[in-house]
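Okay, so here's the structure we're looking at.
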Amino acid sequence: MSSETPLVPVALPAGTPQMDCEMQPESTIVWQEANKGKTLNELKHFRIQRKKETEEKASEVGRLNEPSIKNCKFEENIFEPKSIIEIHIDNLEVTKKSTVSEHDVLNKEIDASTLENLEGGKQREVESKVDEQKLKLEEIEKDGQHNRNGIDISILKQSIDADFKDPKKRGKHNIAFNNDETSNNSTNNDDVSEQLDKLTPEEELKDELYRKTCKPFLQHLPCFKLQTKSISAATMSEGEVSNNSGDSGAKIYKCRECRRRTPQQGSNDVYCRFYEFRCLRYTEEGQLLVAGFPNPYTDPTQEEINIWKPDENTEPTAGNMDIQVCRYILLHVGDQFCYLWRQEAEALKLHENTNKTIAWKKVVQGIREICDVCDTTLFNFHWTCDKCGFGVCIDCFKDRKENRTVRKIRPGDKPQKGRDEYHWMLCSGGVTHNMEELMLTQIIAGDALNVLGRLLHDVRTLWQIPQLCGCLMSKQRLPNGELKAIIQDMIKESQLKQQTSDSSLATEETLRKQARLEQIHSKALEFARSNGIDYVPGRTYNKQTLGKDPITSAFDNFKHINFLRSGLAGLRRFLPPRAMILTNSSLIAPGVPHEWLCDGKLLRLTNANHPDNRILFQEVWKCGQPVMISEVAKSLNLDLWRPEAFLKDFGDKPNDLINCLNGNLVPNQPMRHFWEGFQCMKKRLLDANGKPMLLKLKDWPPGDDFAEILPTRYKDLMKGLPMPEYTLRTGHLNIASCLPKMFVPPDLGPKMYNAYGSAFHPDKGTTNLHLDISDAVNIMVYVGIPEDSDSKSQISASHKAIAMGGCEFLTRARVQNVNVVAGALWHIFPARDADKIRDLLNRVTLEKGYRLEPDHDPIHDQNWYLDDKLRARLFKEYGVEGYPIVQCLGDAVFIPAGAPHQVQNLHNCIKVAEDFVSPENITHCYHLTHEFRRLSHSHTNHEDKLQIKNIIYHAIKDCCTILTRALEHRLDEEISHAEEMKKTIQKMSDSSVEYI
C-alpha cells in the first residue's frame, strides 16, 4: 500500500490517501495436479506429515490464547457460552434484515438471462465434479479399498447418482471426498466443518455479483468461508486462503480467529478480524485478490460519519440533558478528553512503518474491538497486522518501542506459548510481529476527533467552563459584546430551571410547588434583566453567593491547593475531603433532611425521594467521598427480595458457593442448600470438620442477565433507585447513557450479593478489600437472623463488631434502636490513598515470608480483609483513615470509582448493586483502565469492559452538540426578534410620516 498524504498529527490531510488495490499473488497448485500418480499409501503418508506440521504450528499459537469463560452456567439451554468477542445482537435477525434488502437490490441489477447463465455454469461444474468423484471411486475400487467408514464403494456410487438427480442433495458427497483425498484419518467433524463453510443463498448471490462487476468490496464473509472446496490445503501454507473460484495464485491470509476455529463452532461463534475491514476484488479471470483496506476520509458513508462527528442533523444519544447538565459534564470530563485527544495525536509520531497510509476499521454493531496484548478496548488509533488481523493499542505499542513489557517476566522464564517476550501474539507460522510492518489503523471516521477536540475548547470558552487541561487552546478568552451577554442570560435561565429537580421520584405536590417557585424566579429574573441587575436565582441570597455561577466558580475555593496528581493516564483530580456540619449544609440545601457521620465527612440523606438531594450529594461526591441514603426500602416491594421468594423461584437451580471462612469454592450446588440455610442454621452445609459453612452465593445472577432472569425484581429495583439521574441507565448524569446503541453496552449490572452473617468472625470479611472501575450504589433489601439461633448473642456480636470497626457514637446509637437491625459493616477508603494501602499490604506480605508475584496487585487480587490491627497500623504509619459505615435495611451506599472498600455481613444479607459512570470520577475510571491492563490475563479485572474512552468521547460529543444547538436556536430567536422590532419601528415611522 502507498500514500500520497503526509502525516499531520492534528490537522486534516491535504489530500486523499491512496491505497494499493491489490497484493501480488503467488502461484499455487491445485490438489489434483500435485498428487497425480500417487498411490493411496503415499497420500496417507503425505496427510500424516501435513497433519503433524499443522499441529506444530497450532501449538505455537497456543491454546492459552483462548479466553476463559468467566460466567457461571446458570441453566442448560438458557445461557450458552459466548464467543470470544461480546456479540450482544441476534446475528440471525440482523442477517435476515440485511440479506432481504440486499436480495431485492441484486434482483433488480441481475437480469433473468444472467441468472440462467449462472445456473447453467453451476450445473456444468457439479456434473464435472461428480464425474471426477466416480473416476476416483473406480480407481480406489480397483485397488480393493473401501472408504474410511467402511462403506462399500458401489453403494456410495449409487448414492452419488441419486443425489445428483436430486437438486436438494447436490454437493454433499464431493465435500466429503475433498477431505478423503488428503487423508484417510479425517473424522466426521471435517464433514461438519465443510458444511458450515458452505455459503448461504444470499451470500452466493452477493458473491456472484462481485465476480461479475470485478469491483473492490469489503470482506462480507469470514475468512474460512473464502476457502475453495476444490483446492487441497496441501498446496498452501498455514493461514493462506485460495479464492472461491478455485484458481491458484491468490494469496489471501486467514485471520487468527478463523485459523483457530474448530469444526464444532458455527459461523456466528467466530469473530473474523477482517470482516467489514479488508477490501477484496475479483479479477476478470475469477481470481480473488486483496484490494487494500478502507480509507478513513473517503470511504465512510454519511451515516457512519454521524456516529462520530457532531452536526446539526444528528440527534444526541442522551437527549434529555439541559444546558446546566451539559456544562457540569464538560467541567468534569472535558480535561480528560483533551488528554485523550493528545494521546491519539502521539500515535502518529510513534508509527514506524514507511507506508504512511492509515486504514479505517468501521464500527460493527455489537462487536467490541480489543487489544490482543492487554485486552483494553481499542478506541481509535491502533496497529493491525494485515496478514493475521493482530491488533495492538497505543500503550502496548509505546511500551514495546521503549523496551517495556506489559507483563513482568522473571529472569530465566520463557514467554507464554504463542507469544513473544513482549507478550505480543505471533503471526501466521509462528513469526514475530515487527513494529515496522504493522499497519496504522483508525476507527473514528474522517477527522471527527480533531473537529470535536477544537469544538470542545470553543464551547468551554463560550460557556465559561473552567479548563485545567493546560493546552494552548484552553487559553483563549471569551469574546466581549452581545454574544457574551446572551450566553450569560442563558446560563442564568438554566440555573433557574435547575431549581426544580428532574427526579422521576418527585411527587405531584412537589412539582406544583416547584412550578410556583419557577414563576416567582422568572418574574424576578425578568425584572433584573430589564433593570440591568446582576441577579442569579439561588437558594440563598447573600453577598457571597449573589452573582456566582456554581460551575464557573467550581474551583474557586481550591485555587491555592494542588488537587491534580499525575497518574498512569494524565492528571487525576483529587479534591480535598469536605467536612461539614448541619449549620453549613442547611444553608446550601434548606429543607433537605440529612445528617453527618464520620466527623462530618459522610453524608447520610434520610429521605430518598427528596427532589433536592442532588445538591448536597454533589457537594461531597465531587470530592470522592461516599454517601449513604436511607429509607430506600419504602420505594421497593420487599416481599420480592425475601429468601423464601428466591427459594421458591430458584431453589432447584445449581450455582457455585464460596465458604467465606477459608475462601474455598463449593461448586455446582442447588441454590436450595444456600437459601434454606439462610433462615435455619441446622440446614446449612457442613465443612470437612462438621461445622456449618459461612457461605455466599457466587456471581448470581450470572453476567448481565439480571433483567432476563429476574424481570419483576428488575422493574422494582429500577423504580426505587435513589438519585435516578445518576443510577438509572438513562440518567442524564450517568454518562454511560451517551454510548450509542450500536456499541456493546458496558456491564453495569444490576448484581446481587447474598451471604450469611459473620459477626462472630470479626477478622473474616464477606467481601475482601477491592476497588471497582466504575461508581456503584449498593442497596440492602433484606436483613435477617436465623430462626434457630440465639438472636441476642447475634445482635450482641454485631454491636461488638461495629465498635471494633471504628464507628462513631451516632452510628452506634442508631443500631441500638430496637427497630433497626444492622446488616453489614463497610470500610471505604479514599481513592487517593490506594497506593498507600498497597504499600502496607506488600510490606506485610514480605514480613510473613512470602514473595510478591508479578502482574498481581494486593487490592485487585481481593485476598485481604483489613481487620482492626491492620487498620490501626494503616492509620499510624500512613495516616490513612477510612469511612466505617453500618448499612441497615433500606440503606443505599454510594461507592466512588477507585475507592478501596471491604464488607463484613453482620447478619444474613441480601444486597443488590447497580454500577454507573458519573462525570465527577471520570479521571479515576480512566486511570484504573490503564492500571487493570497490567494485571495477568487470568485476573478477573484484567479485561476492559467499561470502554471508558468511548464513553468519554460520546459524552463530550452530545454535550457540545446540545450547547451549540441551544446557542444557535437562541441567536435565531434574537435575530427574528430584532427583525420584528425593526419592522414595527418601520411601520411606526411610516405611519407617522403619513400622518404628517
Side-chain angles (χ1 to χ4, degrees), residues 12-13 16-17 19 85 87-106 108-109 202 206 209-210 213 215-221 271-272 274-280 291-319 321 344 358-369 377-382 441-453 455 736-745 947 949-962 964-965 968:
L12 294 174
T16 302
M19 286 187 292
I85 298 294
I87 300 179
H88 291 262
I89 57 173
D90 190 343
N91 292 288
L92 295 177
E93 289 298 322
V94 173
T95 303
K96 286 180 182 178
K97 293 178 182 178
S98 61
T99 52
V100 168
S101 59
E102 291 171 359
H103 190 275
D104 295 338
V105 174
L106 293 176
K108 296 177 182 178
E109 296 182 359
E202 293 81 5
K206 184 184 292 187
L209 177 62
Y210 292 146
T213 59
K215 292 181 179 179
F217 59 91
L218 282 180
Q219 181 172 323
H220 63 292
L221 300 170
Y271 165 56
C272 176
F274 293 130
Y275 178 75
E276 295 285 344
F277 178 40
R278 183 167 56 184
C279 292
L280 305 173
F293 293 85
N295 187 306
Y297 295 97
T298 60
D299 291 338
T301 63
Q302 188 59 47
E303 183 179 357
E304 291 164 342
I305 292 174
N306 291 342
I307 296 174
W308 300 101
K309 184 179 289 187
D311 70 305
E312 57 184 11
N313 299 321
T314 306
E315 288 297 324
T317 305
M321 295 179 180
E344 291 293 311
I358 302 176
W360 176 57
K361 178 175 263 190
K362 64 185 289 187
V363 176
V364 179
Q365 183 166 0
I367 292 178
R368 182 168 60 92
E369 304 282 352
T377 301
L378 296 175
F379 164 63
N380 182 37
F381 279 128
H382 61 284
T441 308
Q442 76 177 60
I443 296 176
I444 297 177
D447 62 334
L449 178 61
N450 291 333
V451 170
L452 184 58
L455 179 62
S737 65
C738 299
L739 200 64
K741 303 299 182 185
M742 71 179 307
F743 288 83
V744 177
Q947 309 173 67
K949 292 183 180 180
N950 282 326
I951 291 175
I952 290 173
Y953 182 94
H954 291 285
I956 294 295
K957 178 174 72 73
D958 283 356
C959 291
C960 289
T961 300
I962 292 171
T964 303
R965 289 183 182 179
E968 291 175 351

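Looking at Y953, its side chain never comes within 3.5 Å of a backbone N or O of L452 through a donor-acceptor pair. Although no hydrogens or angles enter the test, the distance criterion places no donor-acceptor pair under 3.5 Å between the side chain of H954 and the main chain of I952. The main-chain N or O of I443 is found under 3.5 Å from a side-chain atom of W360 such that the two form a donor-acceptor pair.
Residues F379 and E369 have side chains not in contact (no heavy-atom distance under 4.5 Å, counting atoms from C-beta outward).
By the 30° and 60° cut-offs, the orientation of the rings of F277 relative to F274 is parallel.
With sequence neighbours excluded, no residue satisfies salt bridge (Lys or Arg N to Asp or Glu O under 4.0 Å) with K949. With sequence neighbours excluded, the residues satisfying salt bridge (Lys or Arg N to Asp or Glu O under 4.0 Å) with E276 are K362.
The CG atom of L455 sits 10.0 Å away from the CD1 atom of I956 when rounded to the nearest 0.5 Å. Going from atom NE2 of H220 over to atom CD of E202 covers 11.0 Å, rounded to the nearest 0.5 Å. We find the NZ-CD1 distance between K957 and I307 to be 9.0 Å, quoted to the nearest 0.5 Å. One finds the NZ atom of K309 at 10.0 Å from the CG atom of N450 (value rounded to the nearest 0.5 Å).
Pairing each heavy atom of Y297 with each of G446, the nearest pair is CE2-C, 3.6 Å.
The only option from N950, V744, V363, L378 that meets the side-chain contact (heavy atoms from CB on, under 4.5 Å) definition with R368 turns out to be V744.
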